[in-house]
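Sequential numbering from 1 along the given sequence is applied to the chain's residues.
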Amino acid sequence: MENFPELKGAEVVLMRADTRTGHVLDEQFELAIKDNQTVFTLFNDVEVALSFAQSIVLQHKTIECVIYGKNKEVFHYITPSGTM
């Protein structure tokens with residue numbers, strides 16, 4: 001699986017997972033098992049990432065998203081039942 005990227009400034013990354021299993025998913029919502037799959041989606045702004053994550057969760061009821069900042073700090077955890 002892809003390594004956590006080095007973030008600069010206000011950049012954040014979004015990661016997806018299956019709510020039923022906790023397995024990490026790539027950008028095409030496929031199980032991430034290969035090194036060449038992209039699991040971290042980079043955004044320049046946390047609000048844009050949050051909006052994108054909310055749209056994913058609304059469309060895919062079995063996917064949750066996590067938005068990370070520098071040093072892997074969790075900014076948002078978005079589930080079908082709400083944002084934490």
Side-chain angles (χ1 to χ4, degrees):
M1 184 166 56
E2 165 185 36
N3 289 327
F4 192 87
E6 185 176 322
L7 302 177
K8 297 175 180 85
E11 291 179 335
V12 296
V13 290
L14 179 142
M15 188 177 77
R16 293 148 296 277
D18 186 313
T19 59
R20 299 165 294 184
T21 63
H23 293 146
V24 174
L25 305 173
D26 68 9
E27 290 184 321
Q28 281 69 51
F29 310 107
E30 299 290 329
L31 182 61
I33 56 174
K34 298 177 184 171
D35 289 339
N36 65 342
Q37 289 176 280
T38 302
V39 297
F40 296 107
T41 305
L42 180 68
F43 291 89
N44 292 322
D45 179 273
V46 68
E47 294 305 319
V48 174
L50 180 58
S51 177
F52 188 76
Q54 289 168 334
S55 69
I56 289 172
V57 171
L58 283 173
Q59 292 176 5
H60 305 273
K61 300 296 183 192
T62 60
I63 294 179
E64 60 192 10
C65 297
V66 181
I67 298 173
Y68 293 99
K70 289 182 181 178
N71 303 317
K72 300 180 186 176
E73 59 190 307
V74 175
F75 284 163
H76 296 283
Y77 174 55
I78 304 95
T79 69
S81 60
T83 302
M84 298 178 202

Do side-chain atoms of Q37 reach the backbone of K34 as a donor and acceptor pair under 3.5 angstrom? yes
Go through the structure and list residues passing side chain to side chain donor-acceptor pair (under 3.5 Å) with E11, not counting sequence neighbours. none
Check the pair Y77 / I67 against side-chain contact (heavy atoms from CB on, under 4.5 Å), numbers first and verdict last. CA-CA 7 Å; Y77 174 55; I67 298 173; over 6 Å; no
Under a single-linkage rule joining Ile, Leu, Val, Met, Phe, Trp and Tyr whose side-chain heavy atoms are separated by less than 4.5 Å, which residues share a cluster with L31? I33
If the condition is side chain to side chain contact (heavy atoms under 4.5 Å, CB included), which residues does K61 pass it with, not counting sequence neighbours? L58
With a 4.5 Å heavy-atom cut-off, do T62 and P80 have their side chains touching? no
Any side-chain heavy-atom pair from I78 and Q54 closer than 4.5 angstrom? yes
Here the pair of heavy atoms bringing A17 nearest to L25 is C-CD1, 3.8 Å
With sequence neighbours left out, write down each residue that passes side chain to side chain contact (heavy atoms under 4.5 Å, CB included) with E6, or none if nothing qualifies. none
V66 vs V74, test: side-chain contact (heavy atoms from CB on, under 4.5 Å). Steps then yes/no. CA-CA 7 Å; V66 181; V74 175; 4.0 Å; yes
Going by side chain to side chain donor-acceptor pair (under 3.5 Å), name the residues that satisfy it together with E2, two or more places apart in sequence or in a different chain. none
Of all heavy-atom pairs linking L7 and V12, the shortest is CD1-CA, 4.1 Å
Under a 3.5 Å distance rule, please check whether D18 uses its side chain to pair with a backbone N or O of G22 as donor and acceptor. no
By the ring pair (Phe, Tyr, Trp, His ring centres under 6.0 Å) test, which pairs, at least two apart or in different chains, include something from residues 6-35? F29-H60
Tabulate below the donor-acceptor pairs under 3.5 Å that side-chain atoms of residues 38-53 make, not counting sequence neighbours, or state none.
| from | atom 1 | to | atom 2 | distance (Å) |
| --- | --- | --- | --- | --- |
| T41 | OG1 | R16 | NH1 | 3.1 |
| T41 | OG1 | R16 | NH2 | 3.2 |
| T41 | OG1 | E27 | OE2 | 2.7 |
| D45 | OD1 | E47 | N | 2.8 |
| D45 | OD1 | V48 | N | 3.0 |

Partners meeting side chain to side chain contact (heavy atoms under 4.5 Å, CB included) with E73 (sequence neighbours left out): K70, F75
What's the spacing between E64 CD and M15 CE if we round to 0.5 Å? 8.5 Å
